[in-house]
Each structure stands twice: as C-alpha cells, then as structure tokens.
Number of protein chains: 2
Amino acid sequence: MNNISKEDYLSVIFKFQNRNGEIRPKAIAQKLQVTQAAVTDMLKKLAIDNYILYEKYKCIRLTPSGEEFAINMVRRHRIWEVFLQKVVGMPWDKVHEEAHKLEHSSSDDLINRLEVLLRYPEFDPHGDPIPSKEGKIPKIKKYLPLSDLKEGESGTVVRVNDFDEQFLNYLTELGISLYEIILVKEKRNFDNSLMIQIKGKQWNISQKLAENIFIEIKKVKGA
Amino acid sequence: MNNISKEDYLSVIFKFQNRNGEIRPKAIAQKLQVTQAAVTDMLKKLAIDNYILYEKYKCIRLTPSGEEFAINMVRRHRIWEVFLQKVVGMPWDKVHEEAHKLEHSSSDDLINRLEVLLRYPEFDPHGDPIPSKEGKIPKIKKYLPLSDLKEGESGTVVRVNDFDEQFLNYLTELGISLYEIILVKEKRNFDNSLMIQIKGKQWNISQKLAENIFIEIKKVKGA
DNA sequence: TTTATAATTTAAGCAGACTTAAATAAAAAA
DNA sequence: TTTTTTATTTAAGTCTGCTTAAATTATAAA
Ligand SMILES: [Mn+2]
Ligand SMILES: [Mn+2]
Ligand SMILES: [Mn+2]
Ligand SMILES: [Mn+2]
C-alpha cells in the first residue's frame with residue numbers, strides 16, 4: 001500500500017478505537033475533514049484490502065493486519081514529533097502538523113534510525129506513547145482530564161491533546177507543559193470553569209480547555 | 001501549489017535545463033517513468049499555471065516563477081540529503097531516494113531549520129550545490145566527466161550522479177567518494193575503458209561508469 | 001527531395017479520492 | 001408505537017494523473 005489517504009484513515013480509526021472503544025463514520029469524517037460519503041467509500045476499500053472488518057451500519061473494527069499497519073503509522077508520527085522538538089527545536093504546537101506530512105514519506109529504515117538517534121523515546125511531546133518497532137505500546141499511568149479534578153486536588157500533566165495548534169500555544173502562555181504540576185484552587189459549578197495554580201501563578205480556564213489536559217493525580221493536603 | 005507530481009516535473013525540467021541547456025518531453029518521461037502522453041498532458045497544465053512557457057513541438061522553458069519554484073525543490077532535496085547523511089548516518093547511496101520523498105512533505109520552516117542545524121551546507125553528498133533560501137546557487141569549479149580524462153591526467157572527484165543506487169554502491173566498493181584523487185593510468189581506445197588508481201589501488205572501469213564521475217583536473221607530472 | 005523513423009500530441013478511457021443530492025436505516029423524541 | 005431527527009449509504013458526477021492507441025509533426029536517411 002502506497003497511499004496517504006488510506007494511511008490517515010487507518011491511523012484515525014486506530015486512535016479512536018483505542019481511546020473510545022469504537023468509531024463511527026461521522027467521527028472519521030470530522031477528523032479528516034471529508035464528507036461522510038467519502039468515508040463510506042473508503043471503508044469499503046479498506047475492507048477489501050482486509051485492513052478493517054466492515055458491515056454497513058454496524059461498527060468498524062481493525063483486522064490484525066490493519067492494526068499492525070496503523071500502529072506503525074502512529075509510531076512514525078510520534079517519532080517525527082520527538083525529532084522535530086528535540087533535534088530541530090520546533091515548538092510543541094508546530095510539530096504535529098509537520099509530522100503529519102512526514103509520516104507518509106519516510107522509509108521504515110529512516111524511522112528506525114531516528115529512533116536510535118533519539119535514544120528510543122517512549123513518549124511524544126504531547127505525552128502520547130510511541131509504539132516500538134515490534135508494535136508494543138508503552139504503558140501509561142492512569143490519568144484523568146483536568147476537568148474531572150475537584151477543588152483542592154492536584155496532579156502532574158502527563159498528556160495533552162495535540163491536534164489544535166492554538167490550544168497548545170495557549171498552554172505555553174499559561175506555562176503548562178508536560179510534567180508540570182497543576183493545583184485546582186476553585187471550581188465553579190455553573191460553568192465548570194476552573195481556577196488553577198501552576199508555577200505559583202493562578203489562571204482561570206474554561207471547562208473546554210481543561211478537558212484537553214490530562215492529569216495523573218496525587219491527592220494532597222486537605223483532599 | 002500542493003502537488004507531488006508537479007513538483008517533480010518542475011525539478012526535472014530545471015535540472016535538465018541547467019545541465020544540458022534544453023529539455024525535451026521524452027527525457028522528462030524517461031526520468032519520471034511515465035509515458036510521453038502523460039508529459040504532454042502535464043506540460044499543458046504547468047503552462048496554464050504559468051510555471052513554464054510551452055508551445056507544442058517547440059522547446060520548454062521555465063518562467064521566473066517556475067524557476068523559483070524548482071530551485072526551492074532542489075534546495076529541499078539536497079538539504080534533506082545532507083541531513084540524512086550527516087545527522088542520521090545514512091549511506092550516500094540511500095539518501096537520494098529518501099530525500100526524494102521527504103522533499104514534498106516539509107514546510108519551508110523545517111527546511112530552514114535543518115539548514116541552520118547543518119550550518120548552511122553548500123553541497124550535497126554527491127557534490128551538487130545547495131541553493132540558498134534566496135535562490136542563490138553556490139558556484140562550482142569547472143569539472144569534467146572522468147571519461148574525458150587522458151592517460152596520465154589526474155584530479156579530484158567533485159561530483160557524482162546521484163540517481164542510481166547501484167552505481168553509488170559500487171563507487172563505495174572502489175573507494176571512490178567526494179574529494180578523493182583519481183589518476184588515469186591507462187585508457188583503452190577500443191572501448192574507452194579506463195584503468196584508474198585511487199588510494200594506491202588500481203581498478204578497471206567502464207566508460208559508462210566514468211561518465212558519471214566528475215573531476216576537477218589538476219594537470220600533473222608528464223601531462 | 002522523397003521516404004522512413006522517431007518524437008510528440010491527441011483522443012478516449014481508467015482509477016482513486018473526492019463532491020453533492022437523494023435514498024434508506026437507525027436512534028431519539030413524542 | 002409512531003413520528004421526527006440524525007447517521008449512513010447509494011448514485012451520479014468531478015478532477016487529477018495517469019494509460020494505450022491512433023494521428024500528426026519533426027528529423028534523419030536514402
Ligand atoms: Mn501528533
Ligand atoms: Mn502528539
Ligand atoms: Mn538527489
Ligand atoms: Mn544529490
């Protein structure tokens with residue numbers, strides 16, 4: 001297989017399946033910015049190629065070969081992201097888009113060489129795990145969206161969603177990056193907005209924002 | 001413009017135009033491994049986009065905008081090649097193919113960052129000059145194909161053709177790399193094959209091979 | 001100059017990844 | 001359960017970059 005579109009469809013299916021357990025055509029369409037009709041079309045082709053199991057109106061599932069393929073794409077993407085941040089010095093809000101192009105245009109040999117150069121990184125700049133050459137995915141500690149924390153709870157940022165450049169840029173302004181500690185000072189019930197403390201400074205953030213930041217909780221004083 | 005094929009056509013036109021002064025559809029077709037009909041087709045599109053001047057049966061010429069575009073593609077390609085060799089440690093016979101994919105999938109920002117990382121290299125691993133961001137192409141000293149040297153002449157390898165992996169691999173076996181010195185010990189008239197000396201060792205090479213190695217001559221003893 | 005060969009272009013058509021509009025099935029609301 | 005809304009699929013068609021086969025022009029040979 002030789003095809004950027006198919007690679008993207010499979011990556012998206014894999015990621016959804018992994019996080020939400022299932023995936024529907026509408027979600028794929030939204031993520032890839034195509035019409036739902038285009039998705040139906042491609043699903044049929046992926047089924048013929050034996051990358052997915054697909055019965056119309058029923059759910060979509062990767063076959064072992066589809067999963068292997070998708071994991072490799074995710075691996076490529078995330079290794080490029082680490083490379084772009086660590087070696088090239090690109091900021092974390094730019095690496096996703098760039099990696100999304102590069103992931104389709106490199107040999108496995110190059111990816112493996114980059115992995116060595118980077119000393120086998122386990123996580124990408126946004127905290128997502130990097131599958132090994134053999135397809136093993138590093139285990140992550142349990143985490144919650146920041147929006148689920150209660151007043152007085154605190155924890156470490158272990159992952160952020162990586163798909164919105166503006167969002168990541170804003171996080172940087174707030175001083176939020178991986179492995180920083182965040183404390184929830186206040187939580188307002190009427191809109192679920194939060195007052196958080198990070199590096200001694202306090203900020204008000206919306207629920208929407210908090211839903212895209214993931215925290216490994218440490219219960220602390222007075223919880 | 002957003003298109004791998006068009007990028008390749010423009011690169012090829014530029015390179016031919018630069019080396020041979022002119023370019024014909026047949027040569028493009030051979031280089032890109034497509035039919036001549038496909039070339040005619042694309043030439044029309046490139047003319048509409050104002051990248052080339054094209055009248056049928058007459059010669060093909062890049063417009064200023066086409067030239068600018070092509071130079072940028074060549075720049076991308078060659079910066080990737082240097083990167084792959086110097087940073088990733090990929091052998092020189094592998095970098096061309098890999099760079100050929102990457103060149104279509106990176107932002108100008110990434111290319112510029114790589115250039116800085118590599119400290120503004122002027123030549124790629126095969127001795128081809130790397131255009132600057134502004135489109136300036138480093139001047140190369142005059143060189144000749146090794147096949148043009150006469151018995152007793154010697155010189156430095158300053159460029160090799162980069163498009164055949166096997167060829168480059170074989171050069172490596174012979175110990176031929178950039179900046180090595182080659183001496184022509186014998187030249188046989190009937191087939192123009194050469195006996196050359198490099199690093200103290202002697203080898204017989206065909207005319208074909210010698211035509212793809214480029215030498216900056218130093219006239220030495222008894223010339 | 002005429003004839004043969006080679007290069008180039010035109011014509012018709014295909015495959016992939018899309019689109020819009022219409023039809024159908026599933027899910028949610030009444 | 002019936003109705004309404006939403007999700008999904010089908011149908012028909014577009015656009016791009018190719019293909020093969022046939023026609024045309026240019027070049028080389030006689
Ligand atoms: Mn990413
Ligand atoms: Mn990421
Ligand atoms: Mn090259
Ligand atoms: Mn090169």
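All chains are named by letter (A, B, ...) in the order of the sequence lines, taking the proteins before the strands, and each is independently numbered beginning at 1.
- Between Asn3(A) and dG16(C) there is no side-chain polar atom (N or O) within less than 4.0 angstrom of OP1 or OP2.
- Contact annotation for Ser5(B): backbone-only contact, meaning every heavy-atom pair under 4.0 Å involves sugar-phosphate atoms and none involves a base.
- Of the residues in residues 19-28 of chain B, those placing a heavy atom less than 4.0 Å from an atom of DNA chain C are Arg24(B), Pro25(B), Lys26(B), in numerical order.
- Within the nucleic acid shown, Lys58(A) has no heavy atom closer than 4.0 Å to any nucleic acid atom.
- The number of heavy-atom neighbours closer than 6.0 Å to CD of Glu211(A), taken from other residues, nucleotides and ligands shown, is above 12.
- Taking the nucleotide of DNA chain C with the nearest heavy atom to each of Lys56(A) and Ile4(A), the more 5' of the two is matched to Ile4(A).
- For Tyr54(B), the side-chain atoms get nearest to dT9(C) when compared with the rest of dC18(C), dT9(C), dT8(D).
- Checked against the 6.0 Å centroid threshold, Tyr54(A) and Tyr9(A) do not count as a close aromatic pair.
- Straight-line distance from the CD atom of Gln36(A) to the P atom of dT19(C): 11 Å, rounded to whole Å.
- Between the C1' atom of dT9(C) and the CG atom of Leu43(B) lies a distance of 11 Å, rounded to the nearest Å.
- Counting only heavy atoms from C-beta on, Tyr9(B) has its side chain closest to dC18(D) among dC18(D), dT19(D), dT8(C).
- Atom CG of Asp41(A) and atom C1' of dG16(C) are 9 Å apart (whole Å).
- Of all nucleotides listed (dT9(C), dC18(C), dT16(D)), dC18(C) comes nearest to the side chain of Met42(A).
- As judged by a 4.0 angstrom heavy-atom cut-off over every strand, Thr35(A) is placed among the base-contacting residues.
- For the pair Tyr57(B) OH and dT9(C) C1', the computed distance is 4 Å after rounding to whole Å.
- Taking atom CG of residue Asp49(A) and atom C1' of nucleotide dA17(C), one finds them 14 Å apart after rounding to whole Å.
- Between the NZ atom of Lys45(B) and the C1' atom of dC18(D) there is a distance of 8 Å, rounded to whole Å.
- Atoms OG and CD, on Ser132(B) and Glu134(B) in that order, are 4.5 Å from each other to the nearest 0.5 Å.
- Judged by the 6.0 Å and 45° rule, Lys31(A) forms a cation-pi pair with Phe163(A).
- The shortest side-chain heavy-atom distance between Leu62(B) and Phe69(B) does not fall under the 4.5 Å cut-off.
- The pair Arg19(A)-Asp128(A) meets the salt-bridge criterion, since a charged nitrogen lies less than 4.0 angstrom from a carboxylate oxygen.
- Aromatic ring orientation, His100(A) versus His96(A): parallel (interplanar angle below 30°, classes split at 30° and 60°).
- Look at Lys44(A) and you'll find a side-chain N or O under 4.0 angstrom from OP1 or OP2 of dT10(D).
- Taking atom CG of residue Leu10(B) and atom P of nucleotide dG17(D), one finds them 12 Å apart after rounding to whole Å.
- For the pair Leu46(A) CG and dT9(D) P, the interatomic distance rounds to 13 Å; values are reported in whole Å.
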